[in-house]
Structures are given as C-alpha cells and as structure tokens.
Number of protein chains: 2
Amino acid sequence: METPDSFEIWLPLARSHKSILTSVEAALKQAGLPGLDWYDLLWELECAGSDGLRPFELQEKLLLPQYGVSRLVDRLAKAGLLERQTCNGDGRGQVLVITPEGAAMRVRIWTVYSDTMQQAVTPHFSAGEARRLAELLGKLLRPAPADKI
Amino acid sequence: METPDSFEIWLPLARSHKSILTSVEAALKQAGLPGLDWYDLLWELECAGSDGLRPFELQEKLLLPQYGVSRLVDRLAKAGLLERQTCNGDGRGQVLVITPEGAAMRVRIWTVYSDTMQQAVTPHFSAGEARRLAELLGKLLRPAPADKI
DNA sequence: TGCATGTTAATGCAGTTGCATCTATATGAG
DNA sequence: CTCATATAGATGCAACTGCATTAACATGCA
C-alpha cells in the first residue's frame, strides 16, 4: 500500500473547501446577509467582549493582511456593527468593540451559516468518521512535530 | 463520547486551507510565477490535450462562475499560454487549447507548488494518517449517501 | 421559414483586493 | 532632549471579482 503524497490531501481539501464556501456564501446572499469575513470578525470581537481587540490582533486571528483588516473594519464600522475606541497607552492604535447591532447581526448570520454548513458536511459521515476527520484536520493546524520538518 | 458537529470539521478545514494557500501563493509570487488559478486552468487544458476544452467545461471542472472563466481565459490568452480556436459545430463557442509555452509554464508553477505543498502538509502526518485523511476528505467531495440527506 | 426560448460567452459598473507607500506615534541609543 | 528605527494603521492605484446585462448563435415548434 502506498503512502499518499500531499496532493491527495490538498486536492480534495481545496475542492471541498471551495464548494462548501460557495454554498454558504450563496445562502447568506440569498438571505440578504453579509459574508463570512464579516462573521469571523464579529465573532472574534464578541469573544473579546468589552475589552475589545486591536486591529493587529484581529490580523493574527483572522489570517488577514494588515490592509485587509483595516478595510474590513472600516466597512463594519460604517455599518454600525463595531465601534472604534481610542487606545489609551498607544496613540497610534485603536480598540475595536462590537456593538449590540453587531452582536445581533452575528447571530443572524450564524443561523444561516450553521444550517448550511450542517447540510453540506453532516450527510457525508458517520459519527466516528466525523470525529476522526476533525481530529486529523486539527493536526494540520497545529505546528508540525519538530522531528518531521 | 460526543458526536462532533460540522463546525469541528469546517473550522480546521477552512483555517488550514487558508494557511496553506497563503504559503503557496507567496512562494509562487516570490518566484515571479502566476497563481494557482492559472495553474488549475493550464492543468485541465493539458489533460484535455489537442482536443482542448470549451469554456463551459472549464467552468464545471474549476468550480468558477461563467464570467470568472471568461476573464481568466482572457488573461492566459494574452500571455500566450493558450489559444482560442473557433468551434466548428457551434458558432457561439470556442475551443481552448494549451500552447507549448502554456505547458512549460505549468511545469514551472508545478515545481514550486508541489514543493511548498509537500512542506506544508507532509510533516503533520504519519503515512497511515495521511491515507486516512485523504480518504475522508474524498468522502466530502462525492455526493452524500442518499439516505442521509 | 419565422419566431420564441435556451445556451455560450463577453462586458460595464461598482465593490474588493494586493501592493507599495505614507503618516503618526512609540521606543531606544547617545 | 534628539535622532534613528520600529510599529500601528490608512490609502492611492492597478488588478480582480461579483452582479446584471447584452450579443450572438442554437434549437425546437408552428
């Protein structure tokens, strides 16, 4: 039995990612809701609570480039979903805090997001398979064991 | 032991996808090569050989919207990597055929793509894990068993 | 044949992204 | 304190994307 090369992982990963993402974004658009980039940002802000987050912290959490965060934040702020507060202690920076409207929007997105996702993923797996897949995908995220690089 | 919900699959899937994709695109840019969208198109054309492919066939294979293919093809054509041939039998359509330059470019991209991918994926898994992960991801692509929808 | 309907592909426009650069503030050495 | 350097965030411009629409051809039916 052969060792699969990395493309036998990457290829289905990329394709299923694209296909699921397309479904979810279509469902959100259908519902007149903003896309997953907004959701992800709102989620992080909501987790951070009233302490808020600095843009550069979002950058790390969301794996976005600096200007990506800058503009995304701009749009969410214009939509009233977050508030920019001046950062005492660092005059260059700012602190981003979710508004009640932002939190409400996150929930609205969530209902559609969650639903579509469930339909796209669940039917393909038994409980055991799902658990194993989640576990294996987790390994892809964590830093690789030092001896294998 | 609990059944994981679909997000325990989607979340690491989305994150690892983004992170791997970013690595590969960065490596390609670094090497002065075009991105993966160009690669994917060239690959399909090369597979199709001298028969070529119709744009709407690419659309299905690449999971791209119609206008996406139209413009991507435009760019590749301008770069001389494919040729548009008139389609005898359907005056609306055209047949896209890869040029020798296109095939050469595909190989150049491949060396970087393949290399970066290998580094991003391989260290995380044993051979058995890799095989299992590839298998499970495959299930996500194929249509779900009818009785589970 | 003549016309209604469907299919293939292109495109104008507005919104978004990537890249490079820029401003403003912070930090540390002398 | 003063200057060099580093960091936080914004922005101009060109390229790209999504959406809606359009043009050109195909197909089927009266």
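Computed over heavy atoms, backbone and side chain alike; hydrogens, waters and symmetry mates excluded.
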**Q.** side chain to side chain donor-acceptor pair (under 3.5 Å) assessment of Thr99(A) paired with Glu83(A)
**A.** CA-CA 6 Å; Thr99(A) 61; Glu83(A) 204 196 2; over 6 Å; no

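A salt bridge between Arg84(A) and Asp74(A) is present, with a side-chain N of the basic residue lying under 4.0 Å from a carboxylate O of the acidic one.
DNA chain D is contacted by Lys29(A) of residues 18-29 of chain A, taking any non-hydrogen atom closer than 4.0 Å. Heavy-atom distances under 4.0 Å link DNA chain D to Asp90(B), Gly91(B), Arg92(B) of residues 89-96 of chain B, given in residue order. If you check residues 42-53 of chain A against DNA chain D, you find no residue with a heavy atom closer than 4.0 Å.
The side chain of Arg84(B) places an N or O atom within less than 4.0 Å of a non-bridging phosphate oxygen (OP1 or OP2) of dA10(C). Residue Tyr67(B) places at least one side-chain N or O closer than 4.0 Å to OP1 or OP2 of dG18(D). Contact between the side-chain N/O atoms of Arg71(A) and the OP1/OP2 oxygens of dG12(D) is not found at any separation under 4.0 Å. Note on Ser70(A): a side-chain N or O is less than 4.0 Å away from OP1 or OP2 of dA10(D).
Between Leu64(B) atom CG and dA10(C) atom C1' the separation is 16 Å, expressed in whole Å. In this structure, the CG atom of Leu72(B) is 13 Å from the C1' atom of dA15(D), given to the nearest Å.
Nearer the 5' end of DNA chain D, as judged by each residue's closest nucleotide, is the contact made by Phe56(A), out of Phe56(A) and Pro65(B).
With respect to Val24(B), the side chain to side chain contact (heavy atoms under 4.5 Å, CB included) criterion is satisfied by exactly one of Ile109(B), Asp115(B), Thr116(B), Val112(B): Thr116(B).
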